[in-house]
Amino acid sequence: MFSIERWQEIFEGLFKNKLRTVLTGVSVASGIFILVILLGAGNGIQNGIQKQFEQDAVNRISVWPGITQKEYNGLGIGREIQLHNSDYTTALTLLSDHIEYKSAVYSVWSGNMVFKKETGTYRVEGVHPDYQFIENASIVKGRFLNQSDIANYEKHVVIGQKVANDLFKGEEELLGQELSISGTIYKVIGVFTDPGGEREESRVYIPISTAQRAYSAGDKIRSIVFTLKRNADFDNAVAESHEFTQKLETFLRARHTIAPDDKGALHINNSLDQAKNIYIITGGVKAFFWFVGICTIIAGVVGVGNIMLIIVKERTKEIGIRKALGASPFSIISMILQEAVFITVVAGFSGLVFGLLVWEFVGPSIETDFFTRPEVDFNVAITTLVILVVAGAFAGFVPAYRAAKIRPIIALRGD
Amino acid sequence: MIEIKDLHKSYQMGKNSLHVLKGIDFTVKEGEFVSIMGSSGSGKSTLLNIIGILDEADSGTYTLDSVPIKNLNETIASRYRNKFLGFVFQSFNLINYKSALDNVALPLYYQGVGRKERMERSMYYLEKVGLANWAKHLPSEMSGGQKQRVAIARALAADPKVLLADEPTGALDTKTSYEVMELIQQINDEGKTVLIVTHESDIAEMTKRIVFLKDGQIESDKPVNQVRASEYV
Ligand SMILES: Nc1ncnc2c1ncn2[C@@H]1O[C@H](COP(=O)(O)OP(=O)(O)OP(=O)(O)O)[C@@H](O)[C@H]1O
Ligand SMILES: [Mg+2]
């Protein structure tokens, strides 16, 4: 199989039959090339959608109470449910295993803010330090709230970029400035930006303890927000978050005597359910490109098979001559197969490398929000190549075997 | 060298079977130069192909150089063809993408002869047929006579025991035919056993024995006084 003599004979055949060699090579190479391009595009779209979506923490669960709509355990309709600090702390101890970030929130929709002559109305949120990560906010100046701000009821405020732009125009140093919110003076300790844009930057964060005191809320809270630890496998993530939501809901309903099916009294928003839709879309996109890719491979396999059939047919007479001169069936078969494998490997590999290079150099210039990192798994590409080569060899083997077995006189006549 | 007894061969064509060879008894000794003649369709090519192990008889015995040729698989058949037989075809059957030299070298390649020796020996035979200057040319660049001489060089390259030629001059004009026959006569002079099929009696006269086929049987088989092709050239 590996004698130099035989390879010399094969290279002579390939070299002297340039047209045939080139045509076979081009069809194999273009098949692999198209496949690489398709897979890359599929990945690019998927990565793009995923990136869009990853801007907010994916596995976010928030709870806020409402008004009962069902009688339960002797308690009537129209009862207003109120969450307290203790709901938050107890939930934390109960569910701490799965939680990544957590915060209770006491918010005021419109806080009147005054800085020197500038005034404005913005949303005020009393939160815990983790809230920064839940919102994916990034600090551009100063710092976010910390644990000691909460413990000491500090009158500290972290303001959104929009608030900073509106109220602190032309101010060189924001940090340490005094901002009046609903009549109370707070010290600015940080400025944040949020991937959610202006809407989410039109708010300020203060320690939840301070907020509760400033708005005479006692230990009342408006809502609780968690994010769960990430799970690489999406289905597991969904299952885990459902379980978590279930536990949290059961706990809160029992604690506040709410009917299990009273939707109005307790709202739980599980962002993963929304995420699921997006994952399904990206999954669909990926499946589509795989489907197209697999069709391409099948077409490639059929194409290579066809080429091999034609080559063997075209060479029937040559095979007859070689046999009349004493070529054994084995030498005929191995000649055809070695040629086929050699062409498919070289051409397939060129197509693969060319496809990868296209993504390498063209990829970055066509990146958009919904199309990022159009890369191709090298292993997938190599596997495809191997499939094509094996298919080509097999497709070549059958007619080669038949041609090698027939009597030379029949092969010689066959033209 | 060749011993054939009661050889039969028929072709199956759909439901009909065409009985082409109907009991051939035929012996050729080493060094003989035999021509097989007969009208078209009398089974000359069929007989020669069977002798050349390119085809197989239905019944009867065939012994080549004391080796019985019967029910060979293709691998062994190819080895015998390579070792015992050199074949020359009416339509030359050169491989069109190989140079004259490479065509001649092919039987040696299948004999496992190394490249260098292969080229030397092939060159020797090309010289013998007078085509040393054409070694690098492709068949498409040569005349019919030249092609047939390349084919003869190729048939001789592996030094076979028997040279078989099916109408070697069938595609050539008279003058070229005689040149080719002169070459074949020289080969026979050197001691090689030669069988040719022809339907031209002037060609047959240049051999040493004429076998006449008719209706799948040998009608006559007699020695002739060989006419030297060189007398015409
Ligand atoms: N493969 C085949 N299938 C069917 N019939 C065949 C086959 N080969 C030959 N024949 C028939 O067998 C008969 C003998 O053929 P063969 O080629 O031996 O004749 P031939 O004497 O060489 O004739 P020619 O002088 O025309 O070459 C012919 O009638 C031919 O039609
Ligand atoms: Mg004939």
Heavy-atom distance under 4.5 Å to chain A: side chain of [X], backbone, both or neither?
X: B/Leu138; answer: neither
X: B/Asp55; answer: both
X: B/Gln111; answer: neither
X: B/Tyr109; answer: side chain

Just checking [X]: does its [atom1] atom have more than 12 heavy atoms from other residues, nucleotides or ligands closer to it than 6.0 angstrom?
X: B/Lys214; atom1: NZ; answer: no
X: B/Tyr11; atom1: OH; answer: yes
X: A/Phe288; atom1: CZ; answer: no
X: B/Glu30; atom1: CD; answer: no
X: B/Lys22; atom1: NZ; answer: yes

Begin with the C-alpha distance, continue with both residues' side-chain angles, and end with the deciding distance and a verdict on side chain to side chain contact (heavy atoms under 4.5 Å, CB included) for B/Asn96 and A/Glu318. CA-CA 9 Å; B/Asn96 54 21; A/Glu318 182 192 335; over 6 Å; no

Go through A/Lys16, A/Arg322, A/Lys323 and name the one with the most non-hydrogen pairs under 4.5 angstrom from chain B. A/Arg322

Taking 4.0 angstrom as the limit, do A/Glu9 and B/Arg115 come out as a salt bridge? no

Test: B/Glu74 and A/Arg407 ion pair at under 4.0 Å: no

For A/Leu325 against B/Asn82, the heavy-atom pair lying closest together: O-ND2, 2.7 Å

Tightest non-hydrogen contact, residues A/Pro408 and B/Ile53, listed as CG-O, 4.5 Å

So, B/Tyr97 versus A/Glu12: side-chain donor-acceptor pair below 3.5 Å or not? no

Apply side chain to side chain contact (heavy atoms under 4.5 Å, CB included) to the pair B/Ile95 and A/Lys317, showing each step before the final yes or no. CA-CA 9 Å; B/Ile95 291 178; A/Lys317 183 146 192 179; over 6 Å; no

Within this structure, what is the OH-OG distance for the pair B/Tyr110 and A/Ser328, rounded to the nearest 0.5 Å? 8.0 Å

Measuring from atom CD1 of A/Ile321 to atom CG of B/Leu94, what distance do you get when rounded to the nearest 0.5 angstrom? 7.0 Å

